[in-house]
Amino acid sequence: MRLDGKTVLLGVTGGIAAYKSPEVVRALRQAGARVRVVLTRSAQEFVTPLALQTVAGEPVAAELFDLTQESEIGHIDLADNVDVILIAPATANVVAKAAVGMADDLLTTVLLATRAPVVVAPAMNVHMYENALVQENLAKLGTHGWQIVQPDSGALACGYEGPGRLPDAAVLVDAVAAAVAPKDLVQETVLVTAGPTREYLDPVRFLSNRSSGKMGFAIARAAAARGARVVLVAGPCSLPDPRAVETIRVDSAEDMAATVGREGRRATVVIAAAAVADYRPATRETQKSAKKKGASRLALEETPDVVATAVARKPGRIVVGFAAETSDVEERARGKLDRKALDLIVANDVTAEGAGFDVDTNVVTLIDASGSEALPLLSKDDVADAILDRVARLRAKRPESAPGRKNR
Ligand code: PMT
């Protein structure tokens with residue numbers, strides 16, 4: 001997700017994962033943010049101010065009573081002039097100090113003085129992380145509106161295994177973007193389909209396509225960041241489950257249709273980005289079929305149309321489809337908009353440079369009853385936000401039919 005025009009204050013505290021903080025700075029800047037850094041004294045045992053200053057492109061702040069920094073930077077300036085604060089890694093010590101409102105260094109003073117949202121990424125030894133006092137402190141910060149990014153589980157620097165690892169920089173960027181995103185979808189339950197389907201000929205062979213799931217996963221992440229409850233129904237792809245999203249993995253078009261039919265009941269918005277197979281082998285062998293001499297013919301039958309058949313048209317439900325096309329893109333997309341009774345269709349010319357399958361960018365035209373809007377080449381995260389902006393506008397046009405959280 002993008003952070004253009006946002007200023008992020010990164011607070012780095014003294015855990016071993018502090019060595020990853022230059023990577024976090026780089027990822028935040030790549031997402032478009034200006035990054036200001038505050039280092040605690042113990043963090044400087046793991047990473048130098050010079051390293052962070054070099055990647056941030058501006059001076060880092062370290063001391064509360066450094067006269068130069070106080071005149072040139074100032075803790076109130078830091079507290080006031082940032083859009084969001086990320087503490088990564090956050091040690092048990094800073095979590096405890098923040099939870100009781102202590103302000104004995106620059107970072108904790110800024111945390112007390114700021115009105116910006118705060119995102120905390122705890123990273124520490126598993127026994128420390130699981131200690132009831134640390135958990136109570138994190139829970140307390142949560143009740144005060146701080147976003148807690150759960151640590152990853154795995155091999156820790158201390159030699160133990162378990163939760164305590166600092167998540168990847170991309171996960172931290174998403175958490176920061178979610179903290180500053182408009183919360184305009186809090187009333188919605190959004191069901192997103194993503195990825196390809198597999199239609200099996202026998203236990204080892206299948207028909208499929210090149211969808212990576214990136215477009216649908218970007219929509220799911222963006223909808224969650226905007227406050228929606230999100231269910232992601234994903235065909236086979238290698239992307240990890242997005243955080244704060246209920247992800248259900250499926251295989252075939254039939255699986256996807258059954259899952260969408262079941263899970264879709266509570267959805268107020270359905271966005272079908274999956275590249276679902278239109279046909280499947282008419283028979284599925286139970287054993288691997290042996291090679292036969294000469295040419296062979298494959299009999300195919302139609303798959304269920306997930307969006308046209310599994311998604312019940314209910315008053316207030318907004319249904320968005322995609323149309324992956326290689327010619328007559330708008331015309332064909334309009335045909336699908338009508339035939340599938342959609343509220344909005346995302347026409348995707350998959351022959352355009354940087355568009356379509358298995359890339360991080362896309363080129364789409366949004367088409368609904370009011371007309372069409374061609375978007376330039378954008379990241380899939382930005383396309384996701386543009387689609388959700390349209391969903392929010394469609395909802396605003398018919399607020400009387402909004403299902404709301406009570407119907408979930
Ligand atoms: O996953 P990525 O690598 O990021 O690639 C993204 C994408 C190219 C897959 C995506 O942007 C896209 O265009 N998805 C729709 C692909 C497609 O199969 O379109 P279609 O024109 O065949 O289908 C039209 C609509 O009906 C789609 O919303 C599709 O999800 C839906 N459909 C199609 C067939 C079927 N049996 N059931 C369906 O629900």
Side-chain angles (χ1 to χ4, degrees), residues 190-199 207-222 232-239 242 249-261 263-264 267 269-280 300-313 318-368 375 377-384 386-387 391:
V190 179
L191 182 139
V192 182
T193 69
T197 60
R198 285 181 182 171
E199 310 303 329
L207 303 178
S208 191
N209 60 64
R210 290 173 43 226
S211 171
S212 62
K214 287 179 179 179
M215 188 66 250
F217 276 59
I219 295 169
R221 283 196 307 271
L232 172 63
V233 181
C237 60
S238 58
L239 301 175
R249 304 279 176 170
V250 297
D251 220 22
S252 63
E254 193 164 324
D255 283 351
M256 189 174 275
T259 307
V260 168
E263 300 296 326
V269 178
V270 175
I271 304 179
V276 187
D278 289 321
Y279 296 95
R280 66 182 168 209
L300 298 176
E301 64 184 17
E302 263 189 85
T303 56
D305 189 311
V306 179
V307 78
T309 56
V311 179
R313 297 299 183 275
I318 294 169
V319 184
V320 180
F322 272 70
E325 305 294 349
T326 53
S327 64
D328 305 321
V329 179
E330 263 203 63
E331 196 188 320
R332 285 166 175 261
R334 279 182 193 284
K336 287 176 182 172
L337 178 75
D338 293 342
R339 268 199 313 285
K340 299 188 187 224
L342 305 169
D343 297 290
L344 173 70
I345 193 148
V346 183
N348 202 168
D349 178 354
V350 292
T351 64
E353 181 78 27
F357 296 95
D358 203 15
V359 285
D360 293 324
T361 50
N362 213 349
V363 184
V364 302
T365 300
L366 306 181
I367 305 172
D368 66 10
L375 301 180
L377 177 74
L378 294 171
S379 69
K380 282 185 175 166
D381 289 333
D382 285 342
V383 171
I387 294 167
V391 166

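One-based numbering, in listed order, for ligands and for the atoms of each. This chain uses plain numbering: 1 for the first residue, then up along the sequence.
- Of the possible polar contacts, one joining the N209 side chain to the A275 backbone as a donor-acceptor pair under 3.5 Å is found.
- By the 3.5 Å distance cut-off applied to N or O atoms, M215 is counted among the residues near ligand 1.
- The parts of V307 lying near ligand 1 are both backbone and side chain, judged by heavy-atom distances below 4.0 Å.
- Side-chain atoms of I318 and V270, non-hydrogen and from C-beta on, never get closer than 4.5 Å to each other.
- Every atom of ligand 1 is numbered from 1 in the order shown, and the set under 4.0 Å from a heavy atom of K380 is 2 (P), 3 (O), 4 (O), 5 (O).
- Of all protein heavy atoms, the one lying nearest to atom 18 (O) of ligand 1 is A275 CA, 3.4 Å.
- Heavy-atom contacts of N362 reach the following atoms of ligand 1: 11 (O) (cutoff under 4.0 Å).
- Nearest to atom 29 (C) of ligand 1 by heavy atom, out of A253, G321, A274, is A274.
- In the candidate list V311, V364, D305, D305 is nearest to atom 38 (C) of ligand 1, counting heavy atoms.
- Contacts of V306 with ligand 1, taken as heavy-atom pairs under 4.0 Å, involve both backbone and side chain.
- Using 4.0 Å as the threshold, A277 has a heavy atom nearer than that to some atom of ligand 1.
- The ligand atoms of ligand 1 that sit less than 4.0 angstrom from a heavy atom of K214 are 1 (O), 2 (P), 4 (O).
- Contact analysis leaves V260 out of contact with ligand 1, as no non-hydrogen atom separation drops below 4.0 angstrom.
- Counting heavy-atom neighbours within 6.0 Å of E301 CD, excluding the residue itself, gives a total above 12.
- Distances from ligand 1 to the non-hydrogen atoms of P304 include at least one value under 4.0 Å.
- Counting non-hydrogen atoms of other residues, nucleotides and ligands closer than 6.0 Å to CD of E325 gives a total above 12.
- Heavy-atom proximity to N348, at under 4.0 Å, picks out these atoms of ligand 1: 8 (C), 10 (C), 11 (O), 12 (C), 13 (O).
- Taking distance alone, with nitrogen or oxygen atoms compared against 3.5 Å, A272 approaches ligand 1 more closely than that limit.
- Atom 2 (P) of ligand 1 has its closest protein heavy atom at S212 OG, 3.4 Å.
- At a 3.5 angstrom cut-off on N or O pairs, A273 counts as close to ligand 1.
- Considering backbone and side-chain N/O atoms, K336 comes within less than 3.5 Å of an N/O atom of ligand 1.
- The closest approach between a heavy atom of G195 and any atom of ligand 1 is not below 4.0 Å.
- Near G213, with a cut-off below 4.0 Å to any heavy atom, the atoms of ligand 1 are 1 (O), 2 (P), 3 (O).
- With rounding to the nearest 0.5 angstrom, the CD1 atom of I387 is 4.0 Å from the CD1 atom of I219.
- Residues C237 and K214 fail the side-chain proximity criterion, which asks for heavy atoms closer than 4.5 Å.
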Please report the C-alpha distance between K380 and V359 in whole Å, then the side-chain angles of each, then the deciding distance to 0.1 Å, and finally whether the side chain to side chain contact (heavy atoms under 4.5 Å, CB included) criterion is met.
CA-CA 8 Å; K380 282 185 175 166; V359 285; 4.2 Å; yes
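- Inter-residue side-chain proximity for V329 and T365 is flagged as unmet; no heavy-atom pair is nearer than 4.5 Å.
- No part of V346 comes within 4.0 Å of ligand 1, judged by heavy-atom distances.
- For T361 (side chain) and L378 (main-chain N/O), no donor-acceptor pair under 3.5 Å exists by modelled atom type.
- In this structure the side chain of S379 never reaches within 4.5 angstrom of the side chain of D360, judged on heavy atoms.
- Residue contact check for ligand 1: M256 places no non-hydrogen atom closer than 4.0 Å to it.
- Neither the backbone nor the side chain of A194 has a heavy atom within less than 4.0 Å of ligand 1.
- Taking the side chain as every heavy atom from C-beta outward, D343 and D368 never approach each other to under 4.5 Å.
- Of all the heavy atoms in L239 and S212, the pair that sits closest is CD1-O, 3.6 Å.
- Side-chain atoms of N362 do not come within 3.5 Å of backbone N or O of A355 as any donor-acceptor pair.
- Residue-ligand proximity: K340 is placed with a non-hydrogen atom under 4.0 Å from ligand 1.
- Ranking the protein heavy atoms by distance from atom 34 (C) of ligand 1 puts D278 OD1, 3.2 Å first.
- Annotation for ligand 1: atoms under 4.0 Å from non-hydrogen atoms of G356 are 5 (O), 6 (C), 8 (C).
- Counting heavy atoms from C-beta on, the side chains of V307 and V319 come closer than 4.5 Å.
- Taking a cut-off of under 4.0 Å to the non-hydrogen atoms of T303, the atoms of ligand 1 that pass are 36 (N).
- Close contacts between ligand 1 and D358 involve ligand atoms 2 (P), 3 (O) [criterion: under 4.0 Å to a heavy atom].
- Just one of V260, V306, D255 meets the side-chain contact (heavy atoms from CB on, under 4.5 Å) condition when paired with V250; it is D255.
- For atom 1 (O) of ligand 1, the nearest protein heavy atom (residue, atom name, distance) is S211 OG, 2.6 Å.
- With T197 contributing its side chain and D251 its backbone, the two residues share no donor-acceptor pair below 3.5 Å.
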Side chain to side chain contact (heavy atoms under 4.5 Å, CB included), that's the test. Do L207 and R280 meet it? Break it down for me.
CA-CA 7 Å; L207 303 178; R280 66 182 168 209; 6.0 Å; no
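- Among the atoms of F322, some N or O lies under 3.5 angstrom from an N or O of ligand 1.
- Protein heavy atom closest to atom 19 (O) of ligand 1, with residue, atom name and distance, is A324 N, 3.4 Å.
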